[in-house]
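Quick note on labels: first sequence line is chain A, next is B, and so on, each numbered from 1.
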2 protein chains.
Amino acid sequence: MNLKELAASLGLSQTTVSRALNDYPEVSEATRQRVKEAARRNNYRPNTRAKSLATGRTMAIGHVIPVSTRHEIVNPIFADFIAGAGEVYARNNHDLLLSVVPDRDEEQAYRDLAAKGSVDGAIVHAPRPEDPRIALLSRLGLPFVVHGRAGVGDGSYSWVDVNNRRAFHRATEFLLDLGHRRIALINGQEAMDFARRRREGYETALAERGLRADPALMRSDEMTEFYGYRSARQMLEGPQPPTAFLVSSMITAIGVRRALGDMGLRLGRDVSVVIHDDELSYLRNGEDIPIFTATRSSVKQAGRICAEILLDIIRNPGRPPRHVLLEAELTVGESTGPAPGRP
Amino acid sequence: MNLKELAASLGLSQTTVSRALNDYPEVSEATRQRVKEAARRNNYRPNTRAKSLATGRTMAIGHVIPVSTRHEIVNPIFADFIAGAGEVYARNNHDLLLSVVPDRDEEQAYRDLAAKGSVDGAIVHAPRPEDPRIALLSRLGLPFVVHGRAGVGDGSYSWVDVNNRRAFHRATEFLLDLGHRRIALINGQEAMDFARRRREGYETALAERGLRADPALMRSDEMTEFYGYRSARQMLEGPQPPTAFLVSSMITAIGVRRALGDMGLRLGRDVSVVIHDDELSYLRNGEDIPIFTATRSSVKQAGRICAEILLDIIRNPGRPPRHVLLEAELTVGESTGPAPGRP
DNA sequence: TTGCCCGTCCAAAGCGCTTTGAAAACTTTT
DNA sequence: AAAAGTTTTCAAAGCGCTTTGGACGGGCAA
């Protein structure tokens with residue numbers, strides 16, 4: 001059932017029917033009701049393509065999700081982020097267009113999105129320092145919001161980020177207060193902006209107590225379970241093992257926990273672990289009491305906020321960029337305790 | 001840059017330019033080259049909306065991903081499934097339209113996809129027995145492929161599924177052969193078709209050895225980490241604890257492992273665990289040697305196959321439905337051993 | 001009654017593309 | 001050289017919608 005047929009069935013013109021449905025004033029209340037009722041009865045939905053061609057707005061948002069060419073990994077936070085964003089899109093009658101691309105083709109993916117005119121805006125995931133996609137999108141004139149930040153020039157575009165620096169600063173202080181001196185950092189890839197910030201928070205906190213980060217206790221890679229396992233084992237079997245770990249993701253921490261188990265070490269007694277928890281829906285950090293002591297910040301919520309902001313930017317072009325910095329509070333769980341050999 | 005402008009800049013008509021770009025024969029090789037070169041130079045991409053309006057094909061596939069209203073959970077396998085499918089879409093110049101909806105609105109979401117004419121086909125995720133979406137899509141005439149099956153009438157629609165019944169039959173036999181008699185099943189929600197089949201495989205294997213499944217050893221719920229933890233603890237602390245677990249997902253098994261750790265039990269010695277492994281990219285079951293003994297089947301691969309089949313159905317309507325049943329091989333890892341008190 | 005305004009409706013153009021039917025420009029055949 | 005065929009190009013219609021510019025008629029003031 002299309003507009004023409006609907007109009008014919010009502011004995012009205014397409015114009016009037018279209019206006020009635022879109023709540024334009026120049027149609028009488030009686031006809032509006034009649035039209036809406038008929039539309040409902042026929043389960044009429046205007047054809048998206050035609051509508052967007054006519055209005056010049058696509059009512060769709062693009063998400064480009066990169067797949068690591070090295071390990072063929074898709075970041076597990078995408079599911080939750082997209083669930084959050086998708087919820088907002090649904091509420092605002094927008095579609096979500098997903099492009100899954102090898103990470104080296106990412107730029108072209110955005111270029112295509114803009115050239116093909118298939119979206120009104122885009123979300124930029126997993127920004128790297130000085131990420132070229134940001135300059136590209138600005139140049140293309142496609143509205144966008146970055147989930148994370150990309151180094152300097154933060155003021156010139158809209159972003160939603162967690163205060164990664166402060167979170168890791170705080171977590172490190174917490175471990176230092178417990179008497180830990182050899183604290184390992186199992187971080188995400190340094191190529192990512194968030195990983196750099198987390199490291200800075202960690203290093204600063206150490207420095208403030210007159211300690212220097214030991215390169216032997218720092219790892220940086222894609223945050224898989226095995227990466228956590230391998231890193232923890234290597235460090236714990238080394239000459240000067242750490243007494244505590246700072247781990248950038250729940251999944252990696254699960255690998256760390258496995259390593260501890262295999263080595264007969266007890267989490268929270270022999271070795272402490274603090275994680276950053278993205279609050280993935282299927283990997284909750286415990287129900288009532290947290291399993292891991294964690295700095296937590298909901299990725300789903302970040303998705304919602306990004307989407308809200310992007311829709312707002314599209315509706316109101318020309319406004320100054322918007323920034324949201326989410327604080328990650330530290331919640332104490334059972335994975336941390338005083339450094340061994342300490343009261 | 002649109003077609004009109006491109007044509008003008010070349011001194012050709014839109015018709016000729018369009019035909020040159022779409023490799024129609026009625027244009028000379030010389031002009032074709034000239035046109036393609038100019039298109040490349042101007043980074044020209046035909047407007048998707050206009051193109052699909054003209055052709056009647058949207059070049060887009062819809063995925064409706066339900067969010068559990070009970071727990072606000074989005075199934076972690078979606079990320080990998082979509083990565084696989086998205087790869088195929090990209091290769092075939094199709095877009096992926098994602099709708100995130102509360103699971104109770106799922107039907108309406110498909111109805112909307114069809115009415116708004118925004119996709120050429122759809123993937124049905126997580127089918128339940130006698131899933132109403134299948135009848136609905138058939139009625140709407142929207143091509144679709146089901147990831148999984150939905151009970152009877154399997155012949156009438158296309159699907160890609162894992163042989164869940166055989167996988168769990170095999171896994172149960174494996175544990176029985178190791179001497180286990182009290183084998184627990186920590187399954188997905190019984191409302192899902194795959195969970196029902198897995199239970200059947202498990203029960204049949206037990207029955208074939210003259211054993212009856214003990215309801216006290218069977219659980220069914222959303223496959224979270226905590227669900228695994230809670231179920232394992234409850235059963236192990238019960239009067240007649242199991243010596244082995246059959247777990248429907250890696251994530252749930254991580255919870256089971258945590259429970260074992262907390263109780264001071266050793267995985268593979270005190271208690272055996274066999275899992276079904278969907279081979280999620282960020283949660284590999286070990287690198288070289290598998291952590292868990294597992295029946296494994298790649299969800300990403302399933303996504304690829306679903307996508308290939310769907311595109312094929314769209315290209316060649318009227319062909320009989322297609323079915324792919326993937327076998328999940330059993331790989332032995334370190335999580336299983338002989339039943340305690342047995343040589 | 002006339003004139004004007006306002007509320008209500010409509011015909012037609014246009015969004016950027018594909019595709020039909022026909023014309024123009026070459027080639028080949030007679 | 002004309003006729004016939006072939007290749008190459010084009011103008012225009014149409015996809016399903018929105019939106020512009022008008023038309024029509026009823027109500028009100030003059």
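Under the ring pair (Phe, Tyr, Trp, His ring centres under 6.0 Å) criterion, B:Phe81 pairs with B:His125, B:His147, not counting sequence neighbours. Remark: A:His323 engages A:Trp159 in a ring pair (Phe, Tyr, Trp, His ring centres under 6.0 Å) (not counting sequence neighbours).
Taking both residues in full, the closest heavy atoms of A:Leu140 and A:Ala114 are given as CD1-CB, 3.8 Å, listed atom of the first, atom of the second, then distance.
Within the structure, the salt bridge (Lys or Arg N to Asp or Glu O under 4.0 Å) test picks out the following pairs touching residues 48-66 of chain B (sequence neighbours left out): B:Arg57-B:Asp120.
Between the CZ atom in B:Phe78 and the CD1 atom in B:Ile123 there is a gap of 11.5 Å [rounded to 0.5 Å]. Rounded to the nearest 0.5 Å, atoms OG (A:Ser99) and CG (A:Asp112) are 8.5 Å apart.
Of all the residues in residues 46-60 of chain B, B:Leu53, B:Ala54 reach under 4.0 Å from DNA chain D with at least one non-hydrogen atom.
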Taking only nitrogen or oxygen atoms into account, show me every contact under 3.5 Å that the protein makes with nucleotides 5-9 of chain D, one pair per line with its distance.
unit_1	atom_1	unit_2	atom_2	d
D:dT9	OP2	B:Ser28	N	3.4
D:dT9	OP2	B:Thr31	OG1	2.9

For nucleotides 24-28 of chain D, print each protein N/O atom paired with a nucleotide N/O atom at under 3.5 Å, atom names and distance only.
none

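In this structure, A:Thr58 and A:Leu97 have side chains that are not in contact, with every pair of non-hydrogen atoms separated by 4.5 Å or more. Side-chain contact between B:Asp312 and B:Arg322 is present, with heavy atoms from C-beta onward closer than 4.5 Å.
For the pair B:Arg91 and B:Glu308, the salt-bridge criterion is met [side-chain N within less than 4.0 Å of a carboxylate O].
Residue A:Leu6 contributes atom CG, which lies 11 Å from atom P of D:dT18 at whole-angstrom precision. To the nearest angstrom, P of D:dT19 lies 13 Å from CG of A:Asp23.
Judged by distance alone with a 3.5 Å cut-off, no donor-acceptor contact links the side chain of A:Ser18 to the base of D:dT19.
Residue B:Tyr24 places at least one side-chain N or O closer than 4.0 Å to OP1 or OP2 of C:dT19.
When the nucleotides C:dC10, C:dT18, D:dC10 are ranked by their closest atom to the side chain of B:Asn22, C:dT18 comes out on top.
Using modelled atom types and a 3.5 Å distance limit, the side chains of B:Glu37 and B:Gln33 yield no donor-acceptor pair.
Ring-plane geometry between A:His63 and A:Tyr89 is classed as perpendicular, the angle between the planes exceeding 60 degrees on a 0 to 90 degree scale with a lower cut at 30.
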